[in-house]
There are 2 protein chains.
Amino acid sequence: MLDEMDVKILKVLQQDTTRAVADIGKEVGLSTTPCWRRIQKLEEAGVIQRRVALLEPTKVNAGVTVFVQIKTDQHSLEWLEKFHAAVVDFEEVVEFYRMSGDIDYLLRVVVPDIAAYDAFYKKLIGRIEIAKVSSTFAMEQIKYTTALPLDFVLEDAQHSKRT
Amino acid sequence: MLDEMDVKILKVLQQDTTRAVADIGKEVGLSTTPCWRRIQKLEEAGVIQRRVALLEPTKVNAGVTVFVQIKTDQHSLEWLEKFHAAVVDFEEVVEFYRMSGDIDYLLRVVVPDIAAYDAFYKKLIGRIEIAKVSSTFAMEQIKYTTALPLDFVLEDAQHSKRT
DNA sequence: GTTGAAAATCAATGCAC
DNA sequence: GTGCATTGATTTTCAAC
């Protein structure tokens with residue numbers, strides 16, 4: 001489905017969407033029109049999901065990341081749906097995964113400080129019954145990127161056939 | 001530093017940067033010119049860091065998330081710098097935190113499948129000496145957003161005074 | 001802060017090759 | 001796939017209020 005040229009374009013757009021189509025074309029070795037058409041197709045195909053602004057966490061008072069590991073004893077469908085909906089609703093929760101292994105769920109929570117995390121924690125356990133919660137604070141964010149690895153796109157022939 | 005109007009604008013831009021300035025102005029209750037000026041200031045101030053495209057993970061063959069917990073026994077500055085640089089270099093590593101508590105580092109790694117994770121794992125431990133590595137696979141990504149919580153921006157007077 | 005409007009840039013399309 | 005030319009939209013900058 002995607003070829004090397006698409007990958008080049010996606011690599012640029014994953015880093016910066018402010019650049020003009022003509023500019024991107026120059027970088028990847030394509031003139032404006034075909035470059036523009038490829039971007040359109042990538043959007044229609046849903047490969048490009050959305051274009052967003054990334055903010056500097058410390059400048060919006062959201063510089064502290066906490067990872068919350070959750071273990072539950074409840075496994076009814078009803079509880080599950082309620083739990084998911086409740087957690088998703090918190091804007092402090094920026095990532096939320098159902099995990100394999102020992103821990104059932106993993107949350108990445110973003111707050112201004114420890115006090116705010118405590119407030120979040122109380123809100124969370126107030127709304128839902130959880131068996132075990134364990135919070136770990138990030139001391140430093142060494143890397144954070146929204147850019148997905150693109151070296152796998154072309155590698156796997158099986159994948160191309162599937163999609 | 002930031003007021004309610006800025007927060008409204010940021011909320012829009014965190015979700016979608018394709019919208020025209022005039023449009024955003026309408027939504028937040030501002031005409032084009034002052035809305036445009038505010039966005040400029042937010043960019044100059046570094047509140048808006050960048051504008052990027054978000055891709056659909058499954059469509060670029062990067063649908064599997066693995067969390068890697070790392071514990072080390074080495075704490076020399078030299079090892080630390082080498083370790084950081086090596087990990088950051090992997091495009092599969094999309095997030096990388098130095099943690100408090102029991103685990104020293106936490107990585108979020110994105111790969112196409114388990115086999116690719118195994119390949120990554122071998123590359124990782126081949127490059128650096130790590131005491132303990134524990135990998136946990138995400139079964140489901142229930143929430144993932146790049147939008148930071150903005151309800152804290154105005155709340156804390158201390159913060160405003162500091163920045 | 002507002003409106004309105006002008007100028008520059010760019011997206012988006014069509015056409016010829 | 002390329003180049004060119006065009007239309008329309010949007011950004012960006014100006015005035016005047």
Side-chain angles (χ1 to χ4, degrees), chain A residues 1-56 59-60 146-147 150-151 153-155 157 159-161 163, chain B residues 1-56 59-60 146-147 150-151 153-155 157 159-161 163:
Chain A
M1 186 86 213
L2 303 182
D3 63 6
E4 300 83 356
M5 197 53 85
D6 290 319
V7 171
K8 279 186 188 175
I9 294 171
L10 289 173
K11 278 191 181 174
V12 174
L13 290 177
Q14 279 201 121
Q15 298 299 333
D16 186 4
T17 52
T18 64
R19 302 181 50 189
V21 179
D23 238 43
I24 299 170
K26 241 176 247 168
E27 180 166 331
V28 303
L30 219 56
S31 57
T32 312
T33 312
C35 185
W36 183 82
R37 271 199 283 249
R38 275 171 184 270
I39 294 172
Q40 290 310 303
K41 277 195 184 168
L42 290 167
E43 270 168 355
E44 281 162 27
V47 178
I48 298 172
Q49 245 188 347
R50 56 202 329 205
R51 292 154 184 260
V52 301
L54 302 183
L55 311 186
E56 169 67 45
K59 304 222 172 179
V60 293
T146 56
L150 290 178
D151 291 352
V153 188
L154 309 164
E155 252 174 36
H159 173 74
S160 314
K161 282 172 198 162
T163 47
Chain B
M1 183 88 211
L2 304 181
D3 63 5
E4 300 83 356
M5 196 54 84
D6 290 318
V7 171
K8 279 185 188 176
I9 294 171
L10 290 174
K11 278 191 181 173
V12 174
L13 291 177
Q14 279 201 121
Q15 298 298 332
D16 186 5
T17 52
T18 64
R19 302 181 50 188
V21 179
D23 239 44
I24 299 169
K26 241 175 247 167
E27 181 167 328
V28 303
L30 219 57
S31 55
T32 312
T33 311
C35 185
W36 182 84
R37 271 199 286 247
R38 275 171 185 269
I39 293 171
Q40 290 309 306
K41 276 195 187 169
L42 290 167
E43 271 168 354
E44 281 161 29
V47 178
I48 298 172
Q49 244 187 349
R50 56 201 329 205
R51 290 154 185 261
V52 300
L54 302 182
L55 310 186
E56 171 67 45
K59 304 224 173 180
V60 292
T146 56
L150 291 177
D151 292 351
V153 188
L154 308 164
E155 251 173 35
H159 173 74
S160 314
K161 282 172 197 160
T163 47

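Here is how names work: the chains are called A, B, and so on, in the same order as the sequence lines, proteins then strands, and each is numbered from 1. Source: prediction; values computed, not measured.
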Given the rule in the side-chain contact (heavy atoms from CB on, under 4.5 Å) test, do A/Leu13 and B/Val52 qualify, once you have shown the distances and angles that lead to the verdict? CA-CA 6 Å; A/Leu13 290 177; B/Val52 300; over 6 Å; no
Which heavy atom of B/Val60 sits nearest to which heavy atom of A/Val153, and what is that distance? O-CG2, 3.4 Å
Using a 4.0 Å cut-off on protein heavy atoms (strictly under), produce a 5'-to-3' string for nucleotides 1-6 of chain C with B for base contact, S for backbone-only sugar-phosphate contact, and - for none. SBBB--
Name the first nucleotide and the last nucleotide along DNA chain D (5' to 3') that come under 4.0 Å of a heavy atom in chain A. D/dG1 to D/dC4
Minimum heavy-atom separation for A/Cys35 and A/Ile9, please, with both atom names. SG-CD1, 4.2 Å
Output yes when at least one side-chain N/O atom of A/Trp36 is less than 4.0 Å from OP1 or OP2 of C/dA12, else no. yes
Passing option when B/Glu27 is tested against B/Lys8, B/Lys11, B/Arg19 for salt bridge (charged side-chain N to carboxylate O under 4.0 Å, His left out): B/Arg19
Passes side-chain contact (heavy atoms from CB on, under 4.5 Å), B/Asp6 versus B/Arg38? Steps please. CA-CA 7 Å; B/Asp6 290 318; B/Arg38 275 171 185 269; 3.1 Å; yes
Quick one, A/Met5 with A/Val28, criterion side-chain contact (heavy atoms from CB on, under 4.5 Å). Give me CA distance, side-chain angles, the key distance, then yes/no. CA-CA 7 Å; A/Met5 197 53 85; A/Val28 303; 3.9 Å; yes
Can I get a per-line list of side-chain donor-acceptor pairs under 3.5 Å for residues 40-49 of chain A, giving both atom names and the distance, sequence neighbours left out?
{"unit_1": "A/Glu43", "atom_1": "OE2", "unit_2": "A/Arg51", "atom_2": "NE", "d": "2.9"}
{"unit_1": "A/Glu43", "atom_1": "OE2", "unit_2": "A/Arg51", "atom_2": "NH2", "d": "2.9"}
{"unit_1": "A/Gln49", "atom_1": "NE2", "unit_2": "B/Glu56", "atom_2": "OE1", "d": "2.7"}

Run the numbers on B/Leu150 and B/Leu2 for side-chain contact (heavy atoms from CB on, under 4.5 Å), then give the verdict. CA-CA 11 Å; B/Leu150 291 177; B/Leu2 304 181; over 6 Å; no
